[in-house]
Amino acid sequence: MKKRAEKQAGLQNIKKSLRSVRFTVWIYFAIFIVAILVLIWITFTATFTANYRTQKENTVRSVGEHIVTALYGGGLSGRTIDALGRDNDLCIILQDSYGITLYSYDALGGNCYIHGSGASELAGYRTLADSAADGQYYTEMKNETIDQDTILLVRKVGDVEYPMYVFINTTVEPVAATVSLIRSQMMQISAAMLILGFGISIFLSNLISRPIVRITRSARKLGQGDYNVEFNGSGYTETEQLADTLNFASHEISKVDGMRRDLMANISHDLRTPLTMVKAYAEMIRDLSGDDPVKRAQHLDVIIDESDRLAALVNDILDLTKLENGTGELNLGVIDLHGCIESIMTRYTILAEQKGYTFIVSVPEGMYIRADEIKLEQVLYNLINNAVNYSGEEKTIYVTAVRQGGDIEVAVTDTGEGISKELMPLIFDRYYRAEKSKREVIGTGLGLSIVKQILILHGFEFGVRSEVGTGSTFWFRTQSVEGS
Ligand code: ADP
C-alpha cells in the first residue's frame, strides 16, 4: 500500500517536472535544433544533384550569351574565349558556316564531346541550331566515350548567309562522391550542433526559469506566514513586474494581517469588558441586591446596557461581513433627508442633555436622495457616533446638507482632534482603529468600514476633510431627486 502511494507520488513528480518551464524550454529548443538539422539534410539530399545541373546549365547559357554579345560588339578575342573556358571548365569552338574552326578552347582534354566529334556530327548540330527559332540548340546527353553526362549548347551568330556558330560543351560530373564527402562532413557538423545546441538549451532553460523558481521559493515562504519575504524577479521585465506585484501584495497582506490581529485583540477586549460587567452585576443581584428593588433595577439596567454594547459589536461584525460578501442588498427608495436626520437626532437628546454635547443640524426641507433608508441611517449613526467620540473638549457636532449643483452633500463635522494626513487613507480600512481612547459611544473599529461599504454599494462619492487640532468633516455626495 505504502509502496504504491510512493510510486504514485514519484509519477506525479515526474509529470510535474515534465510540465516545468525549464523542461518545456529545453524540449522546444531541442526540437527546434533537430528540426533545422532535418530540414538542412532533406534540402541537401533532395536538391543537391538537381541544383548542380541547373548551375551548370546556367553557366553554359550565360557564357554563350557573353560570347554572342561580344561577337556582335566586335570585342571578342581569343584571350576572352580562353578565359571563359578556363574559368568555367568549358570547351568552346567557334566555327564558320563551312565548318571551319575559327577558334577553339579545350578545357576537358580527352573528355570533350565536341572536340571528339567528327565534322559531320558538328554539321548536324549546326543544322539543328539553324532550324531553331531563336538560333540556339541546347541538349543534355550521355557521352558514351567517357560514360558521363554532358551538356552541349550550339548558338548561331550573325549574318544570314555567312553565320558563325559557337559550340560550348561541359561534362556533368558524377556528384555521388562529392555528395558523400559533404554528407560525412555534415554528419560531424550536425553532431557538434546537436551537442552544442542541447548544451545551450539547458543553459537557456535554466536562465529563463531561474527568476520564476526564485519567486516560487519566496511565495512558499509567504504562504507559510513569513511576510518579510522579498520577491526578486530580476532578469526579465515580466518577472520583475510579477515580483513587484507580489511584493506589493505581501506588503498589503502583512498590513491587513497586522490590523486583523489588532482588531481581534480590540474585539476580544471589547467583548470581555461588558461580559465581565454582566457577570459582576448578575452576581451582585444574586448575592446583595436581589431583595432591594431599587438597587436591583439599577444593576439590571447596567446588565441591559452592557448587553446592548455586546449586541452592537456583534451586529457590526455581522453587517460588515454581509456587506463585504456582497449579500447586503439595497432596498432603494426616495428619502426625505430633513425627516430622516431629524429622527436620527432624537436619539442623541440624552447625550446632549446629560453630557453637554451640542448638535447643530442644518438640513433644509425639500431635499431628497435615492438610498436604502436603513443603511443610510447606519452611515449617519456611525459618522455622528465617531464625531461624538472624537469631538474633543468643545463637544460640538454639525450635521449639514447642502445643494451643490444637481447634487446634495451631507456632512458630519466635529471640532475635535482631527486626523493626520498619514492616517487619512487608513481610517476606512477594515481593521484600522486608533489607539485606545476614551469613548462616549461604543466603537468597534468597524464603523468607518461599514460606512465605506454602504456608500460604495450606493455608488455615492464620499471622503473626509480634516486638520489636526481643528476637527474633521466626513461627507458623502449623491444626486438630488424629486420628492414623492
Ligand atoms: P472606531 O471609531 O470604533 O475606532 P471607526 O471605523 O469608526 O472605528 O473609525 C476608525 C478610526 O478612524 C478611529 O479609530 C479613529 O482613529 C478615526 N476616526 C474616525 N472618525 C473620526 C473623527 N471624527 N475624528 C477623528 N478621528 C476619527
Side-chain angles (χ1 to χ4, degrees), residues 255-256 258-274 306 308-324 328 341 344-345 347-348 351 355 357-361 375-400 409-457 462-476:
K255 202 169 84 182
V256 169
M259 289 179 175
R260 188 181 55 82
R261 274 175 228 256
D262 286 354
L263 176 84
M264 287 312 278
N266 288 343
I267 289 184
S268 318
H269 179 268
D270 284 359
L271 283 174
R272 216 177 31 219
T273 318
E306 294 304 319
D308 284 347
R309 227 174 235 270
L310 279 175
L313 183 62
V314 173
N315 281 341
D316 268 4
I317 296 171
L318 285 179
D319 282 346
L320 188 62
T321 315
K322 237 196 265 171
L323 284 164
E324 285 189 340
I341 291 176
I344 290 175
M345 294 322 293
R347 300 216 202 160
Y348 291 94
L351 217 56
K355 307 262 174 158
Y357 282 89
T358 313
F359 292 94
I360 300 173
V361 181
K375 291 204 167 62
L376 185 76
E377 278 178 4
Q378 200 171 356
V379 167
L380 287 164
Y381 275 126
N382 286 355
L383 293 182
I384 298 170
N385 283 352
N386 278 349
V388 168
N389 281 336
Y390 305 104
S391 71
E393 295 300 308
E394 219 172 289
K395 294 191 172 182
T396 310
I397 289 117
Y398 300 86
V399 183
T400 58
E409 184 184 282
V410 179
V412 178
T413 305
D414 64 72
T415 46
E417 57 206 63
I419 304 159
S420 66
K421 280 214 160 47
E422 304 84 67
L423 289 187
M424 255 193 244
L426 294 177
I427 54 171
F428 284 98
D429 276 353
R430 192 170 3 149
Y431 299 126
Y432 181 76
R433 195 175 181 196
E435 294 299 308
K436 282 218 75 60
S437 51
K438 201 168 92 15
R439 291 153 203 255
E440 296 295 353
V441 184
I442 50 164
T444 56
L446 298 175
L448 283 183
S449 328
I450 293 173
V451 168
K452 175 179 162 185
Q453 291 299 334
I454 293 178
L455 294 176
I456 288 177
L457 212 59
F462 64 94
V464 55
R465 297 185 280 269
S466 184
E467 227 170 273
V468 177
T470 315
S472 319
T473 299
F474 284 82
W475 59 269
F476 63 86

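If you're wondering where the values come from, they're calculated on a predicted model, not measured in any experiment. Remember, it's 1-based here, ligands and their atoms both numbered in the order they're listed.
- Annotation: S449 places no N or O atom under 3.5 Å from an N or O atom of ligand 1; distance criterion only.
- Backbone and side-chain nitrogen or oxygen atoms of D414 are examined, and one is located within less than 3.5 angstrom of a nitrogen or oxygen of ligand 1.
- To the nearest 0.5 Å, atoms CD1 (I341) and CG (L376) are separated by 7.5 Å.
- Polar contact check, G447 against ligand 1: a nitrogen or oxygen pair lies under 3.5 Å apart.
- A salt bridge (charged side-chain N to carboxylate O under 4.0 Å, His left out) check over residues 447-457, counting only residues at least two apart or in different chains, returns nothing.
- Per-residue contacts place I427 under 4.0 angstrom from the following atoms of ligand 1 (heavy atoms of the residue considered): 10 (C), 12 (O), 17 (C).
- Those atoms of ligand 1 that come under 4.0 Å of a heavy atom in I419, given as number and element, are 25 (C), 26 (N), 27 (C).
- Under the side chain to side chain donor-acceptor pair (under 3.5 Å) criterion, T473 pairs with T413, not counting sequence neighbours.
- Contact annotation: for L448 versus ligand 1, heavy atoms closer than 4.0 Å belong to both the backbone and the side chain.
- Close contacts of ligand 1 with F474, meaning ligand atoms under 4.0 Å from a residue heavy atom, involve 20 (N), 21 (C), 22 (C), 23 (N).
- A distance of 12.0 Å separates CG of L383 from CD1 of I397, quoted to the nearest 0.5 Å.
- The aromatic rings of Y348 and Y381 sit tilted, their planes meeting at an angle between 30° and 60°.
- With rounding to the nearest 0.5 angstrom, the CD1 atom of I427 is 3.5 Å from the CD1 atom of I419.
- Looking at ligand 1, you won't find any N or O of E417 less than 3.5 Å from one of its N or O atoms.
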